[in-house]
Chemist: 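Take a look at this one; I'll ask things after.
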Amino acid sequence: MAWSFFPLGDSAVLIEFGSGVDEKIHQEIRAAVRRIEGRPFPGFIECVSAFNTLCVYYDLMGLRLPGRKMTAYEHVCSLLREMEKTAGDDKEVQSGQVIDIPVCYGGEFGPDLGHVAELNGLSEEDVISIHAGGQYLVYAIGFAPGFPYLGGMPDTIAAPRKKTPRLSIPAGSVGIAGAQTGIYPIETPGGWQIIGRTPLELFRPGDSPPTLLQGGDYIRFCPIGPEEYRRLRGMQPL
Amino acid sequence: MSIRIHKPGLLTTVQDLGRTGYGKYGVIVSGAMDRSAHRIANWIAGNDDSAAALEITLSGFAAEFGQDHWIAITGGQMTPVINGRDVPMWRPVFVRQGSRLVFKRPVSGCRAYLAVSGGLDVPVVLGSRSTYLRAGIGGFEGRALKAGDELSVGLAPLRNPHPFPGERESRQSKASTISGAAGEDGSFYAVSWAVPWSVLPAYSPNPEIRFVRGRQWDDFTLRSRQAFAESSYKVTPQSDRMGYRLAGSPIMLESPREYLSEAVALGTVQIPADGQSIVLMADRQTLGGYPKIAQVISVDLPVMAQAAPGEHIKFREVTLQEAESLYLCQERKLKRLEMMIRLKLKEGYHA
């Protein structure tokens, strides 16, 4: 798929790689990121990728503009086109790691589990086994630090957002919004249906990298009980 | 301790030029809203671009200096006074230990920057000293300042003036750069030169803000595009460091649809379903799912950042090429300003 370029103002280029949520497109974007970060051009600041786009931020003052004939935007596009030409020269794309996310479903940690089950005509156990039965690709990290945009949740457990968002959802909460599932890395207000909570910390500002998950990783949810949750959080047993 | 906060006012945070390089982890850039005023404040205080300073919003701020300091106040005019006397902005000011700085009332603009020679000494988190309020990291304990907070200051690159011009002098000091206005009680002393207005961003109440077309410009109705470019929009009180929420003639899509989330930038103008624009600012999230009608050009971001609730914004379209040359031209001007300030400081007070 050819890269299409769009200016995002005077200091960034957005590259589009096809349309829709697609694992192939995602792998192509990851390969592009590696190439751009591996050979950063003068003035390059950073890359931020999403489902089918990649944004390249640059510092206008740091670019080495060849002359007055070309705008800075055109100059950056031409540098990126050079990189596009070498696409496919990469050795096999390194596949992401598979990370197990222990989740204590239902009860105080997952107050909306019953509601999600009822909406879909299932038992709570069914929802848990469907949610924990699949493998999810981390398409992107955004919205909050370390928040994974995940693909691959079966529609059979989909549930619309709450009409009135909760004022505060604890860090680690696992939720469903429409046909998406996700994990809240930090305490924030939010309208997702909360079905469980993980004891793992997704945002680790003291570590490098600062997040548990990265684009390209796969995750699996593993059901645990409240005792196990407390143990993993380093809390006293009940 | 070197600065003790008596009252934080509406919102006071420690900011530098932001946290870049972590967008792919969902970590926002943060940093000063008005980056020009922030940078200039640091230069005047003898600091580098990257030093941390206070961003003070609208009104209610009061603090006391625990030591003698060179400081600089830039940005919005919010009537700063030291021990009751007006203190001039956009120039070096030497404050004595125990002096009390208060912002009395906002006159124009809505964010002031207080830089202290040596920079605010807070830990660097993920490459920056900026406060990331929602994640609770960076800045001073990852939060907005409260009454009673005490901030430390790094080693000052400027030396203290001697003799202190406010004190009774036996003879006129030879160094003419040390002439200026002192507080009556000798609480502060301001030098006679200041940053010329001609190099500052085009600050103005009800400003005109220039934009280039956004990625989904063509998806909006003709009437909406005309309204955006021709009518004026009011800054609502719901505006904050994350974004300016504007109210006015609604902007509607030709045919409503869902967009996949993608990266946004400082100054992205996105349109949610209610048709009211949000101009994304320093604390924007990394990705957004709303269609983007426009992008505020870089040179006008400091002007935007000083717009206060109740003011009106008028947008005007420019080409990408114009936006780029305006930016390069402004940066060259600022580079010259930085050199001029450093020379002035060298004549006077460099350690």
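Keep in mind that this is a model prediction, so the values were computed, not measured. Each chain gets a letter, A, B and so on, in the order its sequence line appears, and its residues count up from 1.
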Chemist: Among B/L326, B/L328, B/I28, which residue forms the greatest number of heavy-atom pairs with chain A at distances under 4.5 Å?
Modeler: B/L328
Chemist: Counting a contact as any heavy-atom pair under 4.5 Å apart, which residues of residues 259-268 of chain B contact chain A?
Modeler: B/L260, B/S261, B/E262, B/A263, B/V264, B/A265, B/T268
Chemist: Go through the steps to decide whether B/R225 and B/E317 satisfy the test salt bridge (Lys or Arg N to Asp or Glu O under 4.0 Å), and finish with yes or no.
Modeler: CA-CA 11 Å; B/R225 285 179 265 158; B/E317 186 179 351; over 6 Å; no
Chemist: If you count heavy-atom pairs under 4.5 Å with chain A, which of B/V125, B/L320, B/V212 comes out on top?
Modeler: B/L320
Chemist: Whether the side chain of B/R129 engages the backbone of B/V14 through a donor-acceptor N/O pair (distance < 3.5 Å, no angle test) should be reported.
Modeler: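 No, because the side chain of B/R129 does not come within donor-acceptor range (under 3.5 Å) of the backbone of B/V14.
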Chemist: Considering only heavy atoms, give the residues of residues 295-307 of chain B separated from chain A by less than 4.5 Å, sorted numerically, with 'none' for an empty result.
Modeler: B/Q295, B/I297, B/S298
Chemist: Between A/R39 and A/E82 (salt bridge meaning N to carboxylate O under 4.0 Å), is one present in this structure?
Modeler: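 A/E82 and A/R39: not salt-bridged.
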Chemist: Distance-only, no hydrogens or angles: does the B/Q270 side chain make a donor-acceptor pair with backbone N or O of B/G288 under 3.5 Å?
Modeler: no
Chemist: B/Y233 vs B/F315 aromatic rings, parallel, tilted or perpendicular, using cut-offs 30° and 60°?
Modeler: tilted
Chemist: Go through it in stages, so that I can follow the logic: the residues are B/Q15 and B/T13, the test is side chain to side chain donor-acceptor pair (under 3.5 Å), and I'd like the CA-CA distance, side-chain angles, deciding distance and then a yes or no.
Modeler: CA-CA 6 Å; B/Q15 299 293 345; B/T13 54; 3.0 Å; yes
Chemist: With the threshold set at 4.0 Å, does a side-chain nitrogen-carboxylate oxygen contact exist between A/E28 and A/K24?
Modeler: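 No, A/E28 and A/K24 are not salt-bridged.
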Chemist: Just to be sure I understand the criterion: a residue of residues 135-144 of chain B counts if one of its heavy atoms is under 4.5 Å from a heavy atom of chain A. Which ones qualify?
Modeler: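 Contacts with chain A: B/A135, B/I137.
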Chemist: Check whether B/R215 gets within reach of chain A through its side chain, its backbone, both or neither, counting any heavy atom under 4.5 Å.
Modeler: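 The side chain, not the backbone.
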Chemist: To the nearest 0.5 angstrom, please state how far the CG atom of A/L14 sits from the CZ atom of A/F6.
Modeler: 7.5 Å
Chemist: Look up atom CD1 in B/I40 and atom NE2 in B/H38, then write down how far apart they are to the nearest 0.5 Å.
Modeler: 12.0 Å
Chemist: Would you list the atom pairs, donor with acceptor, under 3.5 Å between side chains in residues 275-283 of chain B and any protein atom, with sequence neighbours excluded?
Modeler:
{"from": "B/Q276", "atom 1": "OE1", "to": "B/G248", "atom 2": "N", "distance (Å)": "2.9"}
{"from": "B/Q276", "atom 1": "NE2", "to": "B/G248", "atom 2": "O", "distance (Å)": "3.0"}
{"from": "B/D283", "atom 1": "OD1", "to": "B/R241", "atom 2": "NH2", "distance (Å)": "2.9"}
{"from": "B/D283", "atom 1": "OD2", "to": "B/R241", "atom 2": "NE", "distance (Å)": "3.1"}

Chemist: State whether the number of non-hydrogen atoms from other residues, nucleotides or ligands found under 6.0 Å of B/Y290 atom OH is greater than 12.
Modeler: no
Chemist: Please classify the contact of A/A171 with chain B as side chain, backbone, both or neither, using a heavy-atom distance under 4.5 Å.
Modeler: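 Neither part, no heavy atoms under 4.5 Å.
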Chemist: For the CG atom of B/N47 and the CG atom of B/D16, what is their distance to the nearest 0.5 Å?
Modeler: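 Reported value, rounded in 0.5 Å steps: 12.0 Å.
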Chemist: Tell me whether B/Q285 contacts the main-chain N or O of A/A144 through its side chain, where contact means a donor paired with an acceptor under 3.5 Å.
Modeler: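 No: the side chain of B/Q285 does not pair with the backbone of A/A144.
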Chemist: Please look at B/Y132 and chain A and tell me whether the side chain, the backbone, both or neither of the residue comes under 4.5 angstrom of a heavy atom of that chain.
Modeler: side chain
Chemist: So does A/A72 get a backbone contact from the side chain of B/E324, meaning a donor-acceptor N/O pair under 3.5 Å?
Modeler: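 Yes, the answer is positive, given that a donor and an acceptor are paired below the 3.5 Å cut-off.
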Chemist: Show the numbers, then the answer: is there a ring-ring contact (aromatic ring centres under 6.0 Å, His included) between B/F228 and B/F211?
Modeler: CA-CA 10 Å; B/F228 184 79; B/F211 71 93; 5.0 Å; yes
Chemist: Does any heavy atom of chain B fall under 4.5 Å from the side chain of A/F51, the backbone, both, or neither of them?
Modeler: both
Chemist: Begin with the C-alpha distance, continue with both residues' side-chain angles, and end with the deciding distance and a verdict on side chain to side chain donor-acceptor pair (under 3.5 Å) for A/T53 and A/E16.
Modeler: CA-CA 4 Å; A/T53 54; A/E16 192 176 63; over 6 Å; no
